[in-house]
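Treat the numbers as computed from the prediction; the structure is a model and nothing was measured. Hydrogens, waters and symmetry mates are skipped; everything else that's a heavy atom, side chains included, is used.
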Amino acid sequence: MKRFVCACGSPMFFENSYCLACDRPVGFDPGSLELLSLEISGGGRYRAVGGSPEQAFAHCRNRVEHDVCNWLVPAEAEQDYCVSCRLNAVIPALESGKNRLLWARLEAAKRRMIFDLLRLGLPLQQPDSAMLSFRFLEDQRHNPNVSESFVVTGHMGGSITINVAEADDSVRHAVREDMQERYRTLLGHFRHESAHFYFHPMVAGDDEALQEFRGLFGDEREDYDTAMERFYAIKDTRITWQGRYVSAYASSHPWEDWAETWAHYLHIRDTLETAVAWGVVPTPDTARDSDQWLDTWMDLSVILNELNRSMGTDDPYPFVLSQLVADKLSFVHRRVVPTPADAVASATH
Ligand SMILES: [Zn+2]
Ligand SMILES: [Zn+2]
Ligand SMILES: [Zn+2]
């Protein structure tokens, strides 16, 4: 994450709606990817302190009505929801205060993932396919008043479904223990599911990339349901994943290996950017054919874990990256960073 500073000189954080030092309203502009200190310009409109007087903004409707968003919309836009909130297809029922809290957590994690995508210049809509969209659903295991008996977090044709209960820390922790997972977060869910949306344009739609993918991740034509049944039936297979996969779940099917690896790539890119912004590590080389960022990450992840142990908290990155996993991460990196030829083409169109 980038480092943001208020017009008063105090640090601001991506999630802030107000500057904690000077109490100015602040909002994130997805157009410039900047968190802006705001001043009122009349009619419920704002402009950035020190910014162009012509450029007016409004708060996203989900901030005005529910206080669950801190992103801005251009004042002249027809949409009153921000770039992130307008992707919502289904939000939780808001008659309970708890659901509003869970929804706010879901939106905060989602915005950080959308920021990843915008930062990397990835489209939120693929040519000839649906727009990325989100459904936040409850099931009867956690709310007997809803019709769905079992909601599975997943992706289908651009639509990402997240079980609202995953935003409840106690529920998510219990699932994590039950599944013997090392890491389970809302942000991880969003990053993982976004991978499925990009698999076709980035891998399956490019013959050369697909051949390289199969060499690293395996053959994605393997029957998915059979693979999942095998994964969930034989718990012992989970101890054989280390060295070849970034997580146990990645070993279930090549699609899930891609999604887990992609999620780790976004974890690493975001955390590295934060560390660079705060002067913890020097800027690594992220050119298409360089893996220096991965070496910097290996060093940083040790520091990150040690810092957390000093506070008595769990390792935030309890993973060891083998050479094969590093090769898979490198593959994701080369799919995300355009080739020089692509960059020239997009600059001239
Ligand atoms: Zn301030
Ligand atoms: Zn919004
Ligand atoms: Zn998946």
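Remark: F134 engages F190 in a ring pair (Phe, Tyr, Trp, His ring centres under 6.0 Å) (not counting sequence neighbours). Residues satisfying the ring pair (Phe, Tyr, Trp, His ring centres under 6.0 Å) criterion with F217, sequence neighbours excluded, are F213, F331. Under the rule for a side-chain hydrogen bond (donor to acceptor under 3.5 Å, both in side chains), the partners of E34 that lie at least two apart in sequence or sit in another chain are K2. The ring pair (Phe, Tyr, Trp, His ring centres under 6.0 Å) search around F4 returns none, not counting sequence neighbours. Residues passing the salt bridge (charged side-chain N to carboxylate O under 4.0 Å, His left out) test with D315, sequence neighbours excluded: R309. Applying the side-chain hydrogen bond (donor to acceptor under 3.5 Å, both in side chains) rule to E212 yields the partners R334; only residues at least two apart in sequence or on another chain are considered.
In this pair, H253 and Y224 present their aromatic rings perpendicular. The plane angle is above 60°, beyond the 30 to 60° band.
Annotation: salt bridge (Lys or Arg N to Asp or Glu O under 4.0 Å) contacts involving residues 9-24, sequence neighbours excluded, comprise E15-R112. Residue pairs meeting the side chain to side chain donor-acceptor pair (under 3.5 Å) criterion with at least one partner in residues 64-73, sequence neighbours excluded, are R61-E65, N70-R111. Among residue pairs with one or both ends in residues 159-172, those qualifying as side chain to side chain donor-acceptor pair (under 3.5 Å) are K98-D168, R135-T161, D139-N163, E166-R184, E166-H189, D168-S170, D169-R172; sequence neighbours excluded. For residues 316-326, every residue pair satisfying the side chain to side chain donor-acceptor pair (under 3.5 Å) rule, not counting sequence neighbours, is listed here: H264-Y317, Q323-D327.
Counting Ile, Leu, Val, Met, Phe, Trp and Tyr side chains that sit under 4.5 Å apart, directly or through other members, V151 shares a hydrophobic cluster with V90, L137. Other members of the hydrophobic cluster containing V152, listed by chain and number, are F150; membership follows side-chain contacts under 4.5 Å among ILVMFWY residues, whether direct or relayed.
Taking a cutoff of 4.0 Å between a charged side-chain nitrogen and a carboxylate oxygen, R335 and D206 qualify as a salt bridge.
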